[in-house]
Each structure stands twice: as structure tokens, then as C-alpha cells.
Peer 1: 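The structure's right below; bear with me while I get my questions together.
Order of listing sets the numbers, starting from 1, for every ligand and every atom in it. Only this structure's heavy atoms are used, side chains among them; waters, hydrogens and symmetry mates stay out.
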Amino acid sequence: MSVRVRFAPSPTGFLHVGGLRTALYNYLFAKHFGGKCILRIEDTDRNRFVENAADNLITVLRWAGIEFDESPEKGGAFGPYIQSERLELYNKLAALLISNNKAYYAFDTAEEIDEMRAKQAKDGGDTKYLRNIGRNSFTLGVSATDELIQSGAQYVIRLNVPENEEISFKDIIRGDVTVRTSDIDDQVLLKSDGFPTYHLANVVDDYEMGITHVIRGEEWLPSTPKHVLLYRAFGWEMPQFAHLPLLLNKDKTKLSKRQGSVAVEDFISAGYFREALINFVGLLGFNPSADKEIYSMEELIEGFSLEKVNKGGAVFDLQKLDWFQGYYLRTYSNTELAELLEVTLKSLGMNSRTQEYLEKIIILFKERVTFIKEIPEKASYMFAKPAEFEQDYFAKHWKENTIELILPLVNIYKETNEFTHTALHDLTKNFVENAGLKLKELIHPLRLMITGRSTGAGMFETMEVLGRQECLARIEYFIKMKEKENL
Ligand code: GLU
């Protein structure tokens, strides 16, 4: 049997990271077994429909490196892959269920349903649809039902859930699941606007599209018994189910927008690399081996197994994501990173520099940042002379006699032939030794004058990249300001 899986998002806005994890696991599973991964757009809930959301989903998934074998864009033998284009099929199959007595018509208004549920809630019980009380094929009888339909009355089609039975199914991740039918509502299958509900359309399409494994988030687990009943009602063979663990905040509550970004789009615009996000999301609930954390897409495909997916919730730890981001940043070449830096500078409206100069900045900062976009701020002094000088740093390292001590060294810098970090290091070391000083007595003031900051890359490396002229100009400027008591 060849594997066919699907990612079936509803186009209700952005792509949630949980959705990315579901899409990714479907993709990994399909590729692992040389099967097919399908994208199906589930847009039957017209109240939640968002224009362009489907295109956006496709763009984001493509960015992530998840390509589908069949999709609305690509087509395929089982299309259309957009549910709103398959309405006829759902209507036909809903009618089939009616004729087999597996479903029935119901004419209750929204107010009547609210009232029915409110009454039950008041008595402290479930708030189910009461087949014996509502206005439906059961209470009205066949001819009254037909008459109503003929007269154009609004109706829905509900699933005829059998009484007092146990519904069991096997979930690859969670094991055996059993639910009593008394706990299942007579689910609406077809709505009064002629659109199917998620349940009907999802089951019909999984069957019609030859889906072998349904891999989706745990939040869909309560829907699965209804789906099992639908497969039975149609007399269709069921796919296998695998419900992926919930994504949790660090405090173990369900991952929510309130505690930070959850939209993949936000991670992309924050500057995360695809490799970092995929590696991180790939390990939310599964790890092929206990002693390895860095995985490429190919390695995730190779090691993927639904049996290895954890049951327990997976903590969405942003620090971990940043660790992956930093790791992958350092796998890029200096040239590539310099190009990214150039794009960032442009987007900030900053003047760019030569590629060569940007690469030197990359070498200085690559180990010190997680994102390229940190560089314009952290290394602002590589682009312009410092606009400010850190006050605490100044107070701590600037002494009455600093200028006096440092001027002879500055003269040495003026005259040396070689302005490289090794030459600067050796000259400075010699100088402090002869003068009976400590290196840090001069290094900190130098850093302050040249960069204005207490932190940064190695001082001599920084000076080499800035160049002699720039360093001397900054030192002179600082001393002048100091003399004028402007600092
Ligand atoms: N349309 C559902 C969603 O938005 C699909 C759930 C499923 O995979 O069955 O996630």
C-alpha cells in the first residue's frame, strides 16, 4: 500500500506553528515512505474564511521547504483540492446517508437550539441536540418532513448517532481510544447554506482522496469518533489515525498568542532561517535519536517514525529556537551573511558599504549575534563614529591621567607600518610593559573612545577593520570633546 497523507488547513488567517508542525510531520512521513503528501484547503466554514489566506499558507509552506505532490496549485488526480469546489459531492453523499437512515433532516432555528442547550445546561447536564425534542425527521415523520423540504424550509442534515454503543479506534500515537456514543452529539453534517461541516467534508475527502494516514493535532481527537461513525455509515474502510501532541508554553499551558508569536509569518519576518525553524519544529514531539539535535530536512525524513512521536505535550521553547538560529547562522558563509547584512542595512535606510567591509564586520560579529538584523545596532560604531559613550563604562575606566598615558601609544599607532590586529596587539603589549601599566588600563579607554561601548569584538580586530585613519580620527575627536568638557 502506498502512503498518502494530507495537510488540510482552513484558510482562517496566518499559519500557526502548530500547523507548520502538522504539515511537516505529514511531509516527513510521506517522504520517508516514498508516498504522496497532499494539500487540501478546508474552506467550508464561510464565517471564518479569510481572503488570500490560502495563498499565504502556500507561500509560507514553500518557504519552509514543504512541497506537496498534489495541491490546488499543482492539481492532481483527486482534485479539486479546495473543498468549496466539491459541494456537489458532499450534498450527494449527505443525501445517501439520509436514504440509508444514517442521517436525518432537522429544521430547528438557531434560537430553538440555543434554548434546548440552555435548558440542559441549567440542569447541569450535557448540552446535546435532543433528537426526541427537536423538529426533525424523527419527531415530524416522513411526510411532514418531505412537505417542509418541498416548501423550501431551511434544514440541516444531522448524523444519526446510534444509541448506547462503544466506538473504538486505534491511534498510532495514543493507542486505543474508546468513546461511548451517548457522549457524541448528533453532529450537523450539512448546514442550511448547503455547505458541509468540517466533519462530513473531511471524512468524504480523506476517503475520496485515498488518504491512508490522518496525521493531525490532538485538538482533533474528540472529532475522531464522529468520523469513525461516518466511515461506518458509508461502509468505507478507515484510514489510520495519529494525533500529534499539543504544543505548550513553557509554563505547560496550551501555546497561545498571548505568550508570544505563534504565526510562522512572524518568525520569518523576525529573521529566522528556514533550517532553524524546521529543525526546531521537527523536534516538537519527536526526536529520531536521543543524542543528536541538529537535523537537516533529509535527516528528519530519514529518521521519522510516527511510533516515536511522544504522547505528552511538546514545550515550545523560544530559547531553544534561538539556539538553532544561532547555530545555523554560523553555518552560512561570510559572503552570504554579508549579503543579508546589506539587505538589512537597505531596509533600515542605512548606507551600505563594500562587500569586503561587510564581510569583515560579519567575521567580527558572527559569533556574537543570533540574527543578522542585530548587527546594525550592536555594531553601530562600525558604520559611523559613536554617537554616545556608555556612561558607566566611562566612569569606571576613564581616569584623570588616561589621556596622558594613552597619547604616546596613539603616536605609535600613527607611525606603525602595519595596522593589523597582531601588530596592534604586539605594539600595545610592548608599550604597557615598558610603561609599567596593565593592558586593561589602556584597552578599555581605547574601546570607549573608538566604539563608545563596553562590549564588542576584540579591540585590535575592531581597530584593524575600522582602519588607522578612522581610529585616529575618533580618538582625536574624543580627546577634543573631553577637553571642552563636552563629555
Ligand atoms: N481543517 C482542519 C484544520 O483546520 C483539519 C483538521 C484535520 O486535519 O482533520 O486543521
Peer 1: Count the heavy atoms of every other residue, nucleotide or ligand shown that sit under 6.0 Å from CD of Gln154, and state whether that count exceeds 12.
Peer 2: no
Peer 1: Any donor and acceptor pair, going by atom type alone, linking the side chain of Thr451 with main-chain N or O of Arg453 inside 3.5 Å?
Peer 2: yes
Peer 1: List by chain and number: which residues place a heavy atom under 4.0 Å from ligand 1?
Peer 2: Arg6, Ala8, Ser10, Glu42, Tyr198, Asn202, Arg216, Trp220
Peer 1: Considering residues at least two apart in sequence or located in another chain, which fulfil the salt bridge (Lys or Arg N to Asp or Glu O under 4.0 Å) criterion with Glu299?
Peer 2: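 For Glu299 the salt bridge (Lys or Arg N to Asp or Glu O under 4.0 Å) partners, ignoring immediate neighbours, are Lys292.
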Peer 1: Check the pair Phe371 / Tyr272 against ring pair (Phe, Tyr, Trp, His ring centres under 6.0 Å), numbers first and verdict last.
Peer 2: CA-CA 7 Å; Phe371 298 95; Tyr272 285 96; 4.8 Å; yes
Peer 1: Could you give all pairs that pass the side-chain hydrogen bond (donor to acceptor under 3.5 Å, both in side chains) test and reach residues 324-335, with sequence neighbours left out?
Peer 2: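 Sorted result for residues 324-335: Glu275-Tyr332, Asn279-Tyr328, Ser333-Glu336, Asn334-Lys366, Thr335-Glu359.
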Peer 1: Going by side-chain contact (heavy atoms from CB on, under 4.5 Å), name the residues that satisfy it together with Arg180, two or more places apart in sequence or in a different chain.
Peer 2: Asn164, Glu166, Ser182, Asp183
